[in-house]
Amino acid sequence: MTAALDGIDLADPDNFVDGVPFEWFRRLRQEAPVAWHPEPGPNAGFWAVTRYDDLVAVHIDWATYSSEVGAVSLEELDPEQLEIRRSMLETDPPRHTKLRSICAKRFSARGVSQYRDWIRDVAREVLDAALVDDDPFDFVGSISRELPIRFLCSMFTVPQEDAPQLISWGDKMIANQDHELSAAVIDKVDTEEYRLFPFRSPVARDVFAYADAQADQRREEPSDDVIQALVTAQGEGLLNEREFHNYFSLLMIAGNETTRHTISAGMLALMANPDQLRLLQEEPERIPLAVEEILRWATPVLHFRRTATRDVELRGETIHAGDKVVTWYISANRDEEVFDDPDGFDVTRKPNDHVTFGPGGPHFCLGAHLARLEAAILFEELLPRMRSIELAGPTERIRSNFVNGIKRMPVRIVTR
Ligand code: HEM
């Protein structure tokens, strides 16, 4: 069994605070691409899969590398927790296919393209509010964080005034390793009381109550939105109450955080590469392609996990039934066997087969079309307005080995 290399510790979120440890991932890809990685108890450890081809192999073979028999995060769940917290993410086909079909059409390329003008309007509103003068401001708080949640509010037809509350709940749930964002930091305080909630988060109760209130409204007066699709599925017996709660939370969180971090990371990369920023300002038709490089560069989800259902060989290593297998998208997206100059940011990169949304197994990101569209429209609206942009202070990252996110990015933007 190949052990992870000396000095490498991917299990400790502190090691991701100052930046992604890209050098560790490079060493793992080259010297131990499928490596057994220890973890602090009660967790048992995991296989770290760091090469692109191996990540694809794991995600495509869902029968061997299951999402259903264990969790999809590093946290180890007992059968009760697993059952109660299960969402579509923790389900294999054929059940998964049924759950996904509840919303799949709404998130298809055609489904989201009907929102194109709407997204542009929201983007303009957000930028009008943020770019009032040339004073420094927090790009994350005023721009990246605003667009995705405001748009989700539209898609879910919930009041725009609820956006700050939804942002705060999402932050607390997903950034459950960061002291500033969550009181219940999973590896530091006793979260036993919350063991049956998604992300072991106390705010899940509030999110569920919010979802129930929205569902009640739709039962009285049906509407044509995502929540209605979930309520209808519940009425048809396709979702029970718990599954309805978990589905709602998944969509709210997955659609909010990740797109935010993509926009922030993209702006940071463009600031660091002014020639590429200029290119996009001069030739905005290049922006949709540039978004693919921004997505590769940002990789907002660092890893997901599967659990082996049988003994299996992967790159010469024997993985045993029940082992945790953790696929690091962040590493696959910099695999030198797939990407030329993988550590270079190049908005003209083509082809760009990044795995930021997953490599295309059953769990390929449901919101990929939406996230691409939101990021492209945001940059299409923002870049022409900027005469210059510069950092006005240090950026701060979320403490997490799961999300790759910037929590603050002070900038000064001079508009045209
Ligand atoms: C840049 C933004 C986003 C990134 C980086 C991202 C990333 C991911 C990743 C890595 C997965 C798992 C893929 C796999 O297992 O192979 C996933 C699944 C998922 N994403 Fe996204 N996501 C983003 C935006 C969104 C948006 C806007 C939504 C919509 C509300 C969304 C909803 C989901 C859902 C529901 C799943 C689970 C799909 C399933 O289990 O079948 N995501 N996402």
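Both ligands and their constituent atoms are indexed starting at 1 by order of listing.
With contacts defined as side-chain heavy-atom distances shorter than 4.5 Å, the pair T2/V34 does not qualify. Annotation: side chain of I84 is in contact with side chain of R242 (closest heavy-atom distance under 4.5 Å). Taking the side chain as every heavy atom from C-beta outward, R305 and V326 approach each other to under 4.5 Å.
Of the residues listed (K407, R260, R145), the one engaging D171 in a side chain to side chain donor-acceptor pair (under 3.5 Å) is R260, and it is the only one.
The pair E336-R26 fails the salt-bridge criterion, with no side-chain N (NZ, NE, NH1 or NH2) lying under 4.0 Å from an Asp/Glu carboxylate O. For R86 and E90, the salt-bridge test fails: no basic side-chain N is under 4.0 Å from an acidic carboxylate O. Note on R399 versus D14: salt bridge recorded, some NZ/NE/NH1/NH2 to OD/OE distance being below 4.0 Å. Between D212 and R219 no salt bridge is recorded (no basic side-chain N to carboxylate O distance below 4.0 Å). Remark: R120 does not engage D117 in a salt bridge, criterion side-chain N to carboxylate O under 4.0 Å. Between R29 and D54, none of the side-chain N atoms (NZ, or NE/NH1/NH2) sits under 4.0 Å from a carboxylate O, so this pair counts as no salt bridge.
In F304, the part holding a heavy atom less than 4.0 Å from any atom of ligand 1 is the side chain. The residue R260 has no part lying near ligand 1, judged by heavy-atom distances below 4.0 Å. At a 4.0 Å heavy-atom cut-off, ligand 1 does not touch E374 at all. The proximity of T91 to ligand 1, defined as any non-hydrogen pair under 4.0 Å, does not occur for either the backbone or the side chain. Under 4.0 Å from ligand 1, not a single heavy atom of A298 appears. By the criterion of a heavy-atom distance under 4.0 Å, both the backbone and the side chain of L89 are placed next to ligand 1. In V301, the part holding a heavy atom less than 4.0 Å from any atom of ligand 1 is the side chain. Only the side chain of H59 comes within 4.0 Å of ligand 1, judged by heavy-atom distances.
Atoms of ligand 1 lying under 4.0 Å from any heavy atom of Y329, numbered from 1 in the order shown and given with element: 10 (C), 12 (C), 13 (C), 14 (C), 15 (O), 16 (O). Contact atoms of ligand 1 toward L250: 35 (C) (distance under 4.0 Å to a heavy atom of the residue). For ligand 1, the atoms closer than 4.0 angstrom to any heavy atom of R100 are 38 (C), 39 (C), 41 (O). With ligand atoms numbered from 1 in the order given, ligand 1 contributes 5 (C) to contacts under 4.0 Å with heavy atoms of P300. Within the listing of ligand 1, atoms 29 (C), 30 (C) sit less than 4.0 angstrom from a heavy atom of F107. Heavy-atom proximity to T259, at under 4.0 Å, picks out these atoms of ligand 1: 2 (C), 27 (C). Atoms of ligand 1 found under 4.0 Å from any heavy atom of P359, numbered from 1 in the order shown, are 16 (O). Which parts of ligand 1 touch L251 is read off a 4.0 Å heavy-atom cut-off, strictly below it: atoms 30 (C), 35 (C).
Between F25 and W328, the two ring planes are tilted [angle within 30° to 60°].
Nearest to atom 23 (C) of ligand 1 by heavy atom, out of V58, T258, N256, is T258. Nearest to atom 27 (C) of ligand 1 by heavy-atom distance, out of G255, G358, A104, is G255.
Contact between V20 and I330 at its shortest, heavy atoms only, is CG1-CG1, 3.7 Å.
From the protein, the heavy atom lying nearest to atom 1 (C) of ligand 1 is T262 OG1, 3.0 Å. Looking from atom 34 (C) of ligand 1 to the surrounding protein, the closest heavy atom is L366 CB, 3.8 Å. In this structure, atom 42 (N) of ligand 1 lies nearest to the protein heavy atom C365 SG, 3.0 Å. The single protein non-hydrogen atom nearest to atom 10 (C) of ligand 1 is T356 O, 3.4 Å, given as residue, atom name and distance. The protein heavy atom nearest to atom 13 (C) of ligand 1 is H363 O, 3.2 Å. In terms of protein heavy-atom proximity, atom 25 (C) of ligand 1 is nearest to A254 O, 3.3 Å.
Annotation: H303 is not in aromatic contact with Y329 [ring centroid separation under 6.0 Å not met].
Within the structure, the closest approach of G361 to ligand 1 does not fall below 4.0 Å when heavy atoms are considered. Contact annotation: R306 has at least one heavy atom less than 4.0 Å from an atom of ligand 1. At least one heavy atom of P362 sits less than 4.0 Å from an atom of ligand 1. Taking 4.0 Å as the cut-off, L295 counts as a neighbour of ligand 1 on heavy-atom distance. G360 does not count as a contact of ligand 1, since none of its heavy atoms falls under 4.0 Å from the ligand.
Looking at ligand 1, you'll find an N or O of H96 within less than 3.5 Å of one of its N or O atoms.
Panel note: side chain R218, backbone Q214; a donor-acceptor pair is recorded below 3.5 Å. In this structure, E381 contributes its side chain and A123 its backbone to no donor-acceptor pair below 3.5 Å.
Using modelled atom types and a 3.5 Å distance limit, the side chains of S67 and H96 yield no donor-acceptor pair.
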I would like to know whether E68 and T307 meet side-chain contact (heavy atoms from CB on, under 4.5 Å); could you show each step before the answer?
CA-CA 8 Å; E68 189 157 321; T307 306; over 6 Å; no

